[in-house]
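Taking it in order: structure first as C-alpha cells, then the write-up.
Chain letters run A, B, ... following the sequence lines, proteins first, then strands; residues in each count from 1. FYI, side chains are in, hydrogens and waters are out, and symmetry mates aren't considered; it's all heavy atoms of this structure.
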2 protein chains.
Amino acid sequence: MSKKYYAVAKGIKPGIYSTWEEAKAQVEGYKNPLYKGFSSKKEAEEWLKNPSFSKTPANNKKDEYADADNDTEVITIYTDGCSLGNPGPGGFGIVFIYPDKIEELSAGFSMTTNNRMELMGVIEALKNLKIKDKKIRLWTDSSYVVNGITKGWAKKWQKNNWIKSDKSPALNKDLWEELLSLVERLDIEFNWIKGHAGNKYNERCDRLAVEAAKGENLSRDYGYK
Amino acid sequence: MSKKYYAVAKGIKPGIYSTWEEAKAQVEGYKNPLYKGFSSKKEAEEWLKNPSFSKTPANNKKDEYADADNDTEVITIYTDGCSLGNPGPGGFGIVFIYPDKIEELSAGFSMTTNNRMELMGVIEALKNLKIKDKKIRLWTDSSYVVNGITKGWAKKWQKNNWIKSDKSPALNKDLWEELLSLVERLDIEFNWIKGHAGNKYNERCDRLAVEAAKGENLSRDYGYK
RNA sequence: CGACACCGGGUCGU
DNA sequence: ACGACCCGGTGTCG
C-alpha cells in the first residue's frame, strides 16, 4: 500500500518524484500546491497530464464542525465564494465530506460578484453530489445565501415576481431559481459559519476559490451582467 | 491678516505648525480635531495651554455650500441627527460657521428616534446661536425637518390641533412647537442637502452626532415615549 | 404609491 | 482607511 511515486502539478518544480522527501521539498511552503501520490509511475504520469480538479484523500482528523465523520448518515459540505475586486474575477471552492472520503471542487470566472460566487458554490455542490440519498449538512459564511433559504427570502421574492420588500428587484434571480429547485428535491440543512475564524474547511474552500479566481483562461459567468 | 502659526490641540501629532499644509496633515481625518490659527507663535502657544472647548478657526477654503465665508452678513449652520438602532441611542451634531470662526456642538440621548434627533439638532443650533442679528442659512439632510417648515406642514398641524390630513396624530409635537416658536423670531433659510454625499460639514455633523450617541452616560430624551 | 433620513446583519475586496 | 455586493427593518411625511 505504500506510495512510491509522487506527481507534483503545482509546486516549486512540477514533475514526478519517487520519494515523499523530494516531493515535499517542491510542495511545502508553495502557495496552493497540487500534488498526489501513486503506487505506479504510469498512474502518476497519467494524472499529471490532466490534474484538472483538486481531489484529496479522505482525512480522518476530527473537526469540531465536521461530526459527519462519525455520522455516516450525513454528508457535510463546505462552500465559499470570492471575487477579486468585486466585481471582478471570482471563484468558488467546495469541500465534500463523505463518510469515507473527502473531495474538493472549484471553478473560476472572469467577471462576477462575491455573492454570485457564494450562491454558485452551493449550487454546484448540490449538483455534483455523488450520494443523493443521505441528509446533507451544508456550511457557508454567506448570510445572504443562508437567510435566502432559511428565512424564506428567496421563496418570497419568487412569489412576488422577484420584487423585494423595498420594492426594488431582487438580484441574482437566475441562481436563486436554480438553488430553490435543487433544495426542493434534497434533504438539506443550511448552516452559517463565521468566515476567516479558523475553521479548517471554510479556510480550505476560501483558498480553492481564490486560486480558481486567479486561474488563466476563466469561464464566463453568463448570468452576470 | 495672514495666519502664520497653527496650534493643534487634538490631532495626529499635537503641537504648533507654521504652515496650514503641515497642520492640515495632523488634523484631517482625525476624530474630533481641535486646532486654531494665529498670527504669532506666542498666541498659539498660549492657546495650546488651554484649548478649552471645541472651537475651530475659520476656514478659508471655498466650499460649494459654505458661501458664508464670503458673506459676512450670513451665518451658516449645518445640522445632523442619528439614532443607532432607530429607535435607540441617538445624538445630534452641529457646525456653526460664523464670519470669523467655526464652532461645534453635540449631545447624545439614551433612547430616541432619528427624526427627533434631526429636529433637536436644528432647535439646539438656534438656541445656542451666539449672533442673533444676522441672517441664518441652515443646512440639514432631513426632508422631514425642511418640509415641515418650508412647506408649512408644521404650521398646518398646529392649526389642526396636531392632527394630520389622514386623521392620525402628527408626531413629535413637543419639538415642532419649539421649532416653530424659534423660527418666528429669527431670519432663517432652511436648505436641504443630500446626506453622505461628500459635503464636509454634513459629514462632520454626522460624526459628531454618532460619537455623541455612543457616549457613556447619556441624557434622557424626555419627549420620546 | 413616493420621498428623505436612521440604521441592523453578512460577505467580498482595494 | 475606503468601497462594492446583498439583504432585513424603523422613523416620518405627502
Report task. Pull out every residue in residues 215-223 of chain B that has a heavy atom closer than 4.0 Å to any atom of RNA chain C, ordered by number, or say none. Result -> none
Requested in this report: Nearest whole angstrom, please: distance from the P of D/dG11 to the CE of B/Met120.
Outcome: 16 Å
Report task. Take the protein atom NZ of A/Lys225 and the nucleotide atom C1' of D/dC5, then report the distance between them rounded to whole Å. Result -> 12 Å
Query raised in the report: Just how far is it from atom CH2 of A/Trp176 to atom CG of A/Leu171, taken to the nearest 0.5 Å?
Result: 11.0 Å
Requested in this report: Could you tell me whether the phosphate oxygens of C/rC1, OP1 or OP2, come under 4.0 Å of any side-chain nitrogen or oxygen in A/Lys167?
Outcome: yes
Report task. Measure the distance from CZ on B/Arg116 to C1' on D/dT10 and round it to the nearest whole Å. Result -> 15 Å
**Report entry** Between D/dC6 (P) and A/Leu179 (CG): distance, integer Å
**Finding:** 15 Å
Report task. Using a strict cut-off of less than 4.0 Å between a Lys/Arg side-chain nitrogen and an Asp/Glu carboxylate oxygen, indicate whether B/Lys127 and B/Glu124 qualify as a salt bridge. Result -> yes
Query - Below 4.0 Å: OP1/OP2 of D/dC13 and any side-chain N or O of B/Lys151 - result: no
Query raised in the report: How would nucleotides 9-14 of chain C be written as a contact map, 5' to 3', with B for base contact, S for sugar-phosphate-only contact and - for no contact, using protein heavy atoms under 4.0 Å?
Result: -BBBS-
**Report entry** Distance in angstrom units between B/Met111 CE and D/dG11 P, rounded
**Finding:** 11 Å
Query raised in the report: Taking 4.0 angstrom as the limit, do B/Arg204 and B/Glu104 come out as a salt bridge?
Result: yes
Query raised in the report: If only atom types and distance count, is the side chain of B/Thr79 paired as donor or acceptor with the main-chain N or O of B/Ile94 below 3.5 Å?
Result: no
Query - Residues forming a ring-ring contact (aromatic ring centres under 6.0 Å, His included) with B/Phe190, sequence neighbours excluded - result: none
Query raised in the report: Does A/Trp176 make a side-chain N or O approach to OP1 or OP2 of D/dC7 shorter than 4.0 Å?
Result: no
Query raised in the report: Separation of B/Asn191 atom CG from C/rC4 atom C1', in whole Å?
Result: 15 Å
Query - OH-CD1 distance between A/Tyr78 and A/Ile102, expressed to the nearest 0.5 angstrom - result: 10.0 Å
Query raised in the report: Whole Å only: how far is the CD1 atom of A/Ile163 from the P atom of D/dG8?
Result: 12 Å
Query raised in the report: Which part of the nucleic acid does B/Asp166 contact within heavy-atom distance under 4.0 Å: base, sugar-phosphate only, or nothing?
Result: nothing
Query raised in the report: So, B/Asp187 and B/Lys132, do they make that salt bridge, N to O below 4.0 Å?
Result: no
Report summary line: Given the options B/Thr76, B/Ile97, B/Ile193, B/Tyr201 meets side chain to side chain contact (heavy atoms under 4.5 Å, CB included) only with B/Ile97
Query raised in the report: Is the closest basic N to carboxylate O distance between A/Asp141 and A/Lys194 below 4.0 Å?
Result: no
Requested in this report: Nearest whole angstrom, please: distance from the C1' of C/rC6 to the CG of B/Leu119.
Outcome: 14 Å
